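Here's the structure we're looking at; comments come further down.
Not measured: the values here are computed from a predicted model. Chain letters run A, B, ... following the sequence lines, proteins first and then strands; every chain starts at 1.
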Protein chains: 2
Amino acid sequence: MLTISQLAAYAGVTVRAVRHYHQIGLLPEPERDASGYRRYSAGAVVSLIRIRILANAGVPLSQIGQMLEADASTFAAAIEEIDRQLDDEIARLEASRKQIAQLAAGDRLALAPEVITYLDRLRDIGVSERVIAGERDSWILMSARWPDRVREWMPGKIAQLDDPQLIRLYRILSEIFESDTSDDARLVEAADILASLAEQAYRSGEIDLGEVARDDLPFDLLDALAVEADPRVQRLLDLMRERGWDGLARLERLAEPPT
Amino acid sequence: MLTISQLAAYAGVTVRAVRHYHQIGLLPEPERDASGYRRYSAGAVVSLIRIRILANAGVPLSQIGQMLEADASTFAAAIEEIDRQLDDEIARLEASRKQIAQLAAGDRLALAPEVITYLDRLRDIGVSERVIAGERDSWILMSARWPDRVREWMPGKIAQLDDPQLIRLYRILSEIFESDTSDDARLVEAADILASLAEQAYRSGEIDLGEVARDDLPFDLLDALAVEADPRVQRLLDLMRERGWDGLARLERLAEPPT
DNA sequence: GCTTGACCTTGACGCTGCGTCAACCCTCCA
DNA sequence: TGGAGGGTTGACGCAGCGTCAAGGTCAAGC
């Protein structure tokens, strides 16, 4: 008769594992000797080895019991099912690996290459890092909400960066948010340019972003994000409202502009 | 300000997950409103999305905090480490899949194809299923102890099945263990054949199994297994001992046979 | 003003497969 | 006879939440 550690050694498992199998009823509890020790027969070694073979093959312990008792066809069906699950798991992990390969640098986190290009273009134009960080966070939100649409929008956004008015706007915003003082005149200037750009876009119908619902919340969220990043953005929002526009990330015509 | 369910919805996670991230300190707890509800800023959405991106890429939650704060090179090193771990995990699962593909039928469980062939040969010879089951269990034990050596031994074992004496032995054993009566004469006959075979093997030096230690326990275990399967095996062991041989699975010369 | 349903709170167990103490008993060998 | 090296049960820990339980809160309709 064998002790638990001998049994475990023969089967190549730990003593703890054997006791675990007893607990969950996978391996029957053997008789105890006078001192309460478990005493195993040679057959237990075979049982334990058969359990380990299935476990090593990735079969969950909870299914091994039934499988050892099953007939050939039931067994085969179970094997097939396990195989499918293993395959799924492998697919999941490989998807993870692909994801992780994308995460080259912290800056790129979550962003499609098109967006990275856009941010780099802003940097070229001379936009301050603070404003770029704000843009980046906005695009992280947008990407989470519309992962596919964002990539479609980017070429248009990048093309817009050729517009001298827009470049001027970004430079003014950079100056404003890079300084610690409150320069209201510059904020007014920014608002004027923004309103002008919005007016152009409105006339040419460019504002249409496709099927993105007008009342979908992310745009409010984007504005809130900007205000959080710098409270002076609130003043900008107010100025825009005076000019007949609601919001910032997504301008909404409130009324005909005062003529 | 957002409620926890709004936050969760924006980031595409469950409320429970958000609370979990608070618990483990991954996402900072926000202020509470008058009634004790958590109230989130827009920035929290960005934080949460960044967390999920890493988590989806397979980064353990326990490491995400540091990674979000790390500089580019630390980040890259961490990514590489995670990638290695994912790769290991995938390799493990694929090994499992290969294992599982081997487990076509319950009978083959744990046995190399050579052993299956051997068992099939026994069946051809007319050995009873009960004896074959005993053989199978024995080989399961042997395979667990010496997975590689077993495959080397099998060709020799299969060749031995051409020996008429051995065939006769197996048939007698089949008859004995298939009947419920105790036919001592047959047991004696079996013992005589076995002793004769052992003597031949001993003279020709075939008994040497290579580096397998003589006192390695599995042989005792095999004998015990056989006795468990049928107590009449004990009588066979006794008869062999009378003939100067110890053991059954691995015959050990006790003394020169009585002349 | 009251009910109803949806949403918030903390606390705690469950899942998987054991590893790892803790606290104590048993056996064997010098 | 003492100490080393077995054995015993019991319980927590691990990862990442899912899922009750047992309430308090809010907004809306009557």
Side-chain angles (χ1 to χ4, degrees), chain A residues 1-27 29-40 44 48 50-67 81-82 85-86 88-89 92-93 96 99 217, chain B residues 1-27 29-40 44 48 51-67 81-82 85-86 88-89 92-93 95-96 99 217:
Chain A
M1 302 299 272
L2 310 172
T3 67
I4 195 169
S5 59
Q6 290 172 323
L7 169 70
Y10 280 134
V13 306
T14 65
V15 170
R16 182 65 182 86
V18 175
R19 287 204 265 250
H20 184 60
Y21 300 155
H22 287 323
Q23 271 194 13
I24 63 176
L26 186 50
L27 190 67
E29 282 270 3
E31 306 278 298
R32 306 299 182 103
D33 67 11
S35 61
Y37 288 14
R38 294 179 179 84
R39 289 294 175 171
Y40 296 89
L48 187 47
R50 292 164 62 100
I51 288 170
R52 281 314 308 174
I53 287 162
L54 288 173
N56 288 338
V59 180
L61 295 189
S62 56
Q63 294 184 35
I64 290 180
Q66 309 157 30
M67 288 194 55
E81 172 62 16
I82 305 284
Q85 289 175 10
L86 281 177
D88 288 355
E89 183 69 10
R92 266 201 31 233
L93 290 179
S96 285
Q99 292 271 354
L217 279 147
Chain B
M1 301 300 273
L2 310 171
T3 68
I4 194 169
S5 62
Q6 290 172 323
L7 169 70
Y10 280 135
V13 306
T14 66
V15 170
R16 182 64 182 88
V18 175
R19 287 205 266 249
H20 184 60
Y21 300 155
H22 287 323
Q23 270 193 15
I24 63 177
L26 187 50
L27 191 67
E29 283 271 3
E31 305 278 300
R32 306 298 182 104
D33 68 11
S35 61
Y37 288 13
R38 295 179 179 84
R39 288 296 176 169
Y40 296 89
L48 186 49
I51 288 171
R52 281 315 307 175
I53 287 162
L54 288 174
N56 288 338
V59 180
L61 296 187
S62 56
Q63 293 183 37
I64 291 181
Q66 310 157 29
M67 288 193 57
E81 172 61 17
I82 304 284
Q85 289 175 11
L86 282 176
D88 288 355
E89 182 69 10
R92 266 201 30 233
L93 290 179
S96 285
Q99 292 271 356
L217 279 147

Among [options], which is the nearest nucleotide to the side chain of [X]?
X: A:Ser5; options: D:dT9, C:dC8, D:dG6; result: D:dG6
X: A:His20; options: C:dC18, D:dC17, C:dT9; result: C:dC18
X: B:Ser35; options: D:dC26, C:dT10, D:dG16; result: D:dC26
X: A:Ile4; options: D:dT8, D:dT25, C:dT10; result: D:dT8
X: B:Tyr21; options: D:dT8, D:dC17, C:dT10; result: D:dC17
X: B:Arg16; options: C:dC26, D:dT9, D:dT19; result: D:dT19
X: A:Leu61; options: D:dT9, D:dG16, C:dG17; result: C:dG17
X: B:Thr14; options: D:dG7, D:dC17, D:dG18; result: D:dG18

Rounded to whole angstrom units, what separation is found between the [atom1] atom of [X] and the [atom2] atom of [N]?
X: B:Ile51; N: D:dA15; atom1: CD1; atom2: P; answer: 16 Å
X: A:Gln23; N: D:dC12; atom1: CD; atom2: C1'; answer: 13 Å
X: B:Asp33; N: D:dT25; atom1: CG; atom2: P; answer: 11 Å
X: A:Leu2; N: D:dG6; atom1: CG; atom2: C1'; answer: 15 Å
X: B:Leu26; N: D:dA15; atom1: CG; atom2: C1'; answer: 13 Å
X: A:Glu29; N: D:dG7; atom1: CD; atom2: P; answer: 14 Å
X: A:Leu48; N: C:dC18; atom1: CG; atom2: P; answer: 11 Å
X: B:Tyr37; N: D:dA27; atom1: OH; atom2: P; answer: 9 Å

Which atom of [X] lies closest to which atom of [Y], heavy atoms considered:
X: A:Leu26; Y: A:Gly65; answer: CD1-N, 3.5 Å
X: B:Val18; Y: B:Ala8; answer: CG2-CB, 4.0 Å
X: B:Gly58; Y: B:Ile82; answer: O-CG2, 3.9 Å

*asked:* Under 4.0 Å from OP1 or OP2 of C:dC8: is there any side-chain N or O of B:Thr3 that close?
replied: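 Yes, because at least one side-chain N or O of B:Thr3 sits under 4.0 Å from OP1 or OP2 of C:dC8.
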
Presence of A:Arg38 side-chain N/O under 4.0 Å of D:dT8 phosphate oxygens OP1/OP2: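 Result: yes.
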
Just checking B:Arg19: base, sugar-phosphate only, or nothing, at a heavy-atom cut-off of under 4.0 Å?
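Answer is base: heavy atoms of B:Arg19 come under 4.0 Å of a base.
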
On DNA chain C, more 5' by nearest nucleotide between A:Ala34 and B:Tyr40 is B:Tyr40

Need to verify one output field. Residue with the more 5' nearest nucleotide on DNA chain D, B:Arg52 or A:Arg32?
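By nearest-heavy-atom nucleotide position, the 5'-most residue is A:Arg32.
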
Holding to salt bridge (charged side-chain N to carboxylate O under 4.0 Å, His left out), I want the full list of residues that pass it with B:Glu29, two or more places apart in sequence or in another chain.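 Residues passing salt bridge (charged side-chain N to carboxylate O under 4.0 Å, His left out) with B:Glu29: B:Arg32, B:Arg38.
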
> Within the distance-only criterion (no hydrogens, no angle test), does the side chain of B:Gln6 pair as donor or acceptor with the backbone N or O of B:Thr3 below 3.5 angstrom?
Replying inline: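 At least one qualifying donor-acceptor pair exists.
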
*If we ignore angles and hydrogens, is there a donor and acceptor under 3.5 Å between the side chains of A:Gln85 and A:Glu89?*
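Side-chain D/A pair, A:Gln85 to A:Glu89: absent.
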
